[in-house]
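To keep things clear, I will list the structure first and then write my remarks on it.
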Amino acid sequence: MELLDGKSLSGELIDSVKLEAEKLKPTLAVILVGEHPASMAYVKNKKKACERASIGYREVNLPTDIAQDELIAEVEKLNQDDEVTGFIVQLPLPDSIYVPEVIRSIDPKKDVDGFQAYNLGKMFLSSEFEDLPPATPSGIVKLLDHYDIPIQGKEVVVVGHSNHVGKPISVMMLNRNATVTTCHIHTQDLVSHTKRADILIVAVGKAGLITGDMVKEGVVVVDVGINRNDDGKLCGDVDFDSVSGKASYISPVPGGVGPMTVAALILNTIHAAKRQV
Ligand code: NAD
């Protein structure tokens, strides 16, 4: 079994854009609403990655009780700000705010999280049109490519069908000619699907959902989940001990998909800046 080491690949990718960033002088802005602890940790990692890549960074901190139209007004300000070449609205947002409405207000050319309908729609056409793909799925593809893991013709099973991870990674796998099955909370007999997977991508948010008896020998496992176990330690959705015994490759949590998401955001930030020159 080999680990899919997202941490070191992420570092290499971030370092690889430094020279280009020094020429382009992009700035990434992050809108952070409230003080959600996990969001604050993610934002801190994004800031550190910008510093490492010589990308300008700006944070817009807003109160939890901000109204939806006030938040959209902040998005509009960044849409109009020529210094900001890309920005994200860190999720989750408070329940009082309808996320799709906020995402819809982001200028697609600055949408470096790749959540805007225009960028998601382009992704449907083919891999050539994945200009600003959603960061987590994009990071997963880069991780598989780095380890020369073939995708074409493989049985790829995705568990989770969120708009930000499960659905777009399913499309990106289809773009690379995999046979894709997308499972979710209403899937009957999950194990009958996971057992067929050559590549299993799990993005649910439930520690220990996938156990060794649910996978076949030699499977490639990408664990997207971020959870805390009973001891308060970070863990994924996959029971690492039982699954790693059967897997040919497995991504660890932490150190797998998380850092790759940050790297993909940095690459999107460079790409968006290039298109605005
Ligand atoms: P989400 O809550 O939007 O979606 C969860 C998905 O899991 C849904 O499609 C749901 O139908 C499915 N699901 C729930 N219970 C299930 C079950 N028992 N069997 C099969 N499917 C089930 O989640 P999300 O935003 O896609 O995130 C999923 C996980 O990935 C979370 O732990 C999140 O923190 C993590 N995440 C990690 C990164 C990263 O960079 N590593 C990025 C985004 C999300």
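Each residue takes its place number in the sequence, starting with 1. Values below: all heavy atoms of this structure, side chains included; hydrogens, waters and symmetry mates excluded. Atoms within a ligand are numbered from 1 in the order they appear, just like the ligands themselves.
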I'd like the atom pairs linking ligand 1 to the protein - N or O on both sides, separation under 3.5 Å - with distances to 0.1 Å.
residue: ligand 1; atom: 9 (O); partner: H161; partner atom: N; Å: 2.6
residue: ligand 1; atom: 9 (O); partner: H161; partner atom: ND1; Å: 2.5
residue: ligand 1; atom: 11 (O); partner: I185; partner atom: N; Å: 3.0
residue: ligand 1; atom: 15 (N); partner: K206; partner atom: NZ; Å: 3.0
residue: ligand 1; atom: 21 (N); partner: I185; partner atom: N; Å: 3.3
residue: ligand 1; atom: 26 (O); partner: S162; partner atom: OG; Å: 2.5
residue: ligand 1; atom: 32 (O); partner: I226; partner atom: N; Å: 3.0
residue: ligand 1; atom: 32 (O); partner: I226; partner atom: O; Å: 3.4
residue: ligand 1; atom: 40 (O); partner: T261; partner atom: OG1; Å: 2.7
residue: ligand 1; atom: 41 (N); partner: V224; partner atom: O; Å: 3.4

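By the side chain to side chain donor-acceptor pair (under 3.5 Å) test, K142 pairs with no residue at all, sequence neighbours left out.
Under the 3.5 Å distance criterion, with hydrogens and angles disregarded, a donor-acceptor pair is assigned to the side chains of D237 and N227.
At least one side-chain heavy atom of L71 sits less than 4.5 Å from a side-chain heavy atom of L93. Side-chain contact between K110 and L78 is absent, with no heavy-atom pair separated by less than 4.5 Å. Using a 4.5 Å heavy-atom cutoff, the side chains of K46 and I266 are not in contact.
One hydrophobic cluster holds both V238 and L3 under the rule that ILVMFWY side chains link at heavy-atom gaps under 4.5 Å.
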